[in-house]
Amino acid sequence: MRVMRFVCAASAAGMLLGPPDAYAQDTPQALRQEIDQLRRDFEMLKQQYGDRLSALETKLAAAEGTPPAQPAPAQPPAAPPAAPQPGAPQAAAPQAAQQQTAAVPPGAEGAGGPTGALPVYGGAAAGSKVFNPDMAVIGDFLGAAGHNTVNPSPSMEMHESEASFQAVVDPYARADFFISFGEEGVNLEEGFVTLTSLPGGLLTKVGKMRSAFGKVNTLHNHVLPWADRPLVTQNLVGGEDGINDAGISVARLIPNPWVFLEATGQVFRGDSADVFSASQRDQLSYVGHVRGYQDISESTNIDLGFSYAHGHNGVQPTPGDTNTLTTNLYGIDATLRWRPLQRAIYHSFVGRGEWIWSRRDQLNGLQPAFGYYISGDYQFARRWFTGLRFDRSGRATDASQIDTGGALTLTYWPSEFSQVRGEYRLINYALGDTAHELLFQFQFSIGAHGAHPF
């Protein structure tokens with residue numbers, strides 16, 4: 001081995017320390033050839049030392065009684081760049097991006113584990129966007145055909161385009177903004193900061209947000225399993241906008257040995273669509289929600305919730321009286337999910353239901369309205385879903401007027417970034433003709449849109 005080292009060193013020295021007059025007589029082409037030869041000799045020398053090092057590591061592993069580490073495959077030497085033609089302009093050599101690497105953690109080497117330096121992916125991309133939030137845009141195109149004289153929809157419309165901006169503010173908070181662009185204007189759907197490191201395990205949100213009342217009220221349009229919202233949501237909880245206001249939300253997990261249990265308390269300004277309306281600063285609205293979750297089996301789980309909301313409704317007992325009357329809402333929601341582990345991408349089922357009681361004070365007395373919906377959505381193929389929903393609800397301002405209806409949906413997902421849905425909707429209004437409609441929905445998404453609450 002010592003003889004080999006001497007020969008290799010002598011050869012390298014001979015090439016580097018050759019006669020000075022020979023270099024003086026060499027042409028540029030001859031110099032390039034010598035440089036290429038030196039590169040090849042250097043790569044051969046590296047290969048010889050690498051083989052010797054691998055042999056020593058194998059002997060050491062055998063002496064210690066541990067399996068030898070698998071050496072990384074040798075990379076062939078890079079081909080030298082082509083020599084430029086005489087007289088041709090010299091182009092600037094591109095600088096190759098250096099791959100970031102990290103050392104293997106202690107104890108992970110050997111026994112078939114990783115060896116050498118590990119590559120770090122996405123470092124340059126992450127560094128280039130470190131100060132930029134995750135951005136996405138979701139389009140919601142909606143078409144309607146059929147007969148509806150009570151609440152007609154346009155034949156075709158770009159119902160909503162939602163832009164989202166989401167990022168971590170610092171180690172203690174993250175921010176989420178959702179801006180809705182419609183054909184009639186722009187609206188801040190949600191915009192809040194979430195404080196994740198407060199004492200006592202409190203998860204706090206500050207800003208404008210959808211309230212935690214029930215299930216459907218918390219969902220954006222593109223997450224709904226239907227092309228519309230149930231009648232009980234339209235009649236009692238403010239419809240598409242729902243209970244959505246500026247305020248503060250505090251949630252906390254309640255430890256117990258039986259189920260996942262979470263309690264949420266929220267205080268809002270007091271203005272939410274047709275549900276609450278504040279005429280003074282002290283006329284705040286309040287929302288409380290308790291959620292329980294439990295796995296029934298490996299493929300089935302159940303989610304139960306209880307909600308309460310209170311606020312002023314804008315009705316004045318006497319003309320000019322700012323002490324307006326109030327509305328109280330009570331709700332129960334239930335969700336059953338089934339997704340078999342071995343066929344999860346082909347079959348699943350989600351059953352949902354909400355029951356809501358409204359107690360609205362009015363000049364003619366208390367209006368005790370009640371409404372509910374029950375739905376089931378079944379995935380029968382990898383990209384195909386079908387669903388059925390039944391609705392029944394009184395109206396908040398007149399509990400004697402009860403609307404009933406139902407919907408049948410068929411949804412196709414070309415990918416996780418788009419979906420096409422058709423829905424047949426039947427509504428028997430308390431005042432007006434029965435509506436028969438066929439709704440068509442096409443949704444598409446670009447950008448990094450974060451996951452919504454489970």
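Reckoned from all heavy atoms, side chains included, excluding hydrogens, waters and symmetry mates. It should be emphasised that the depicted structure is a prediction, and the values quoted were computed from it without experimental measurement. Position 1 is the first residue of the sequence, and the numbers go up from there.
- Counting non-hydrogen atoms of neighbouring residues, nucleotides and ligands closer than 6.0 angstrom, the CE atom of Met156 reaches no more than 12 such neighbours.
- Other residues, nucleotides and ligands place no more than 12 heavy atoms under 6.0 Å from the CD atom of Gln342.
- Glu190 contributes a side-chain N or O that, together with a main-chain N or O of Arg210, makes up a donor-acceptor pair within less than 3.5 Å.
- Checked by atom type and distance alone, the side chain of Thr409 pairs as donor or acceptor with a backbone atom of Gly387 at under 3.5 Å.
- Using a 30° and 60° split on the angle between ring planes, Phe260 and Tyr293 fall in the perpendicular class, above 60°.
- Aromatic ring orientation, Tyr286 versus His310: parallel (interplanar angle below 30°, classes split at 30° and 60°).
- Tyr429 approaches Ala435 most closely through the heavy-atom pair CE1-CB, 3.9 Å.
- Across every non-hydrogen atom of Leu325 and Leu363, the tightest pair is CD1-N, 4.2 Å.
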Tell me, with the steps shown, if Ser180 and Glu160 meet side chain to side chain donor-acceptor pair (under 3.5 Å).
CA-CA 6 Å; Ser180 175; Glu160 182 184 66; 2.9 Å; yes

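- A donor-acceptor contact shorter than 3.5 Å is absent between the side chain of Asp140 and the backbone of His222.
- Distance check: Leu284 CG to Asp282 CG gives 7.0 Å after rounding to the nearest 0.5 Å.
- Among the candidates Leu304, Ile254, Leu261, the single residue satisfying the side chain to side chain contact (heavy atoms under 4.5 Å, CB included) test with Val290 is Leu261.
- Looking only at distances, a side-chain donor or acceptor of Asp271 sits under 3.5 Å from a matching main-chain atom of Ala278.
- With values rounded to the nearest 0.5 angstrom, Asn244 atom CG is found 3.5 Å from Lys208 atom NZ.
- Of the possible donor and acceptor atoms, one in the side chain of Gln379 sits under 3.5 Å from a partner among the backbone N and O of Arg382.
- Between Trp338 and His347 there is a side-chain heavy-atom pair separated by less than 4.5 Å.
- The structure places NE2 of His147 at 9.0 Å from CD of Glu437, a figure rounded to the nearest 0.5 Å.
- One finds a salt bridge joining Asp228 and Arg389 here, because a Lys/Arg side-chain nitrogen approaches an Asp/Glu carboxylate oxygen to under 4.0 Å.
- Put simply, the residue from Ile296, Asp303, Asn301 that forms a side chain to side chain contact (heavy atoms under 4.5 Å, CB included) with Leu336 is Ile296.
- In terms of heavy-atom proximity, Leu431 sits nearest to Val150 at O-CG2, 3.6 Å.
- Here the side chains of His436 and Tyr424 are in contact, with some heavy-atom distance below 4.5 Å.
- When side chains are defined from C-beta on, Met209 counts as touching Phe268, because their heavy atoms get closer than 4.5 Å.
- A distance-only check finds no donor-acceptor pair linking the side chain of Glu240 to the backbone of Arg229 [under 3.5 Å].
- Of all non-hydrogen atoms in Gly214 and Asp333, the two that sit nearest each other are CA-OD2, 3.7 Å.
- Atom CZ of Phe42 is surrounded by 12 or fewer heavy atoms from other residues, nucleotides or ligands within 6.0 Å.
- Taking the six-membered ring where tryptophan is involved, the planes of Tyr372 and Trp355 are essentially parallel, since the angle between them stays under 30° and well short of 60°.
- Under the 4.5 Å side-chain criterion, counting only non-hydrogen atoms from C-beta, Asn328 is in contact with Tyr308.
- Using modelled atom types, one side-chain atom of Gln266 and one backbone atom of Ala212 make a donor-acceptor pair closer than 3.5 Å.
- Counting heavy atoms from C-beta outward, Arg392 and Leu231 have side chains that stay 4.5 Å or more apart.
- Atoms OH and CZ, from Tyr378 and Phe349 in turn, are 10.0 Å apart once rounded to the nearest 0.5 Å.
- Between the CZ atom of Arg174 and the CZ atom of Phe192 there is a distance of 8.0 Å, given to the nearest 0.5 Å.
- For Asn428, the CG atom counts as densely surrounded, since its 6.0 Å shell holds more than 12 non-hydrogen atoms of other residues, nucleotides or ligands.
- Under a 3.5 Å cut-off, the side chain of Glu423 and the backbone N or O of Ala227 do form a donor-acceptor pair.
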Give the C-alpha distance, both sets of side-chain angles, the deciding distance and a yes or no for side-chain contact (heavy atoms from CB on, under 4.5 Å) between Leu203 and Thr196.
CA-CA 5 Å; Leu203 184 69; Thr196 58; 4.1 Å; yes

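- Around atom CZ of Phe442, more than 12 heavy atoms belonging to other residues, nucleotides or ligands sit under 6.0 Å away.
- Between the OG1 atom in Thr404 and the CZ atom in Phe390 there is a gap of 6.0 Å [rounded to 0.5 Å].
- The existence of a salt bridge linking Arg352 and Asp377 is confirmed by a sub-4.0 Å separation between a basic side-chain nitrogen and an acidic carboxylate oxygen.
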Assess whether side chain to side chain donor-acceptor pair (under 3.5 Å) is satisfied between Asn217 and Ser211, documenting all intermediate values.
CA-CA 7 Å; Asn217 184 78; Ser211 77; 3.0 Å; yes

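- Between Val186 and Ile179 the shortest side-chain heavy-atom distance falls below 4.5 Å.
- Here the side chains of Leu236 and Arg360 are not in contact, with every heavy-atom distance at 4.5 Å or above.
- Residues Asp391 and Asp403 form no side-chain contact, since every pair of their non-hydrogen atoms from C-beta on lies 4.5 Å or further apart.
- A distance-only check finds a donor-acceptor pair linking the side chain of Glu354 to the backbone of Val216 [under 3.5 Å].
- Looking only at distances, no side-chain donor or acceptor of Arg269 sits under 3.5 Å from a matching main-chain atom of Asp245.
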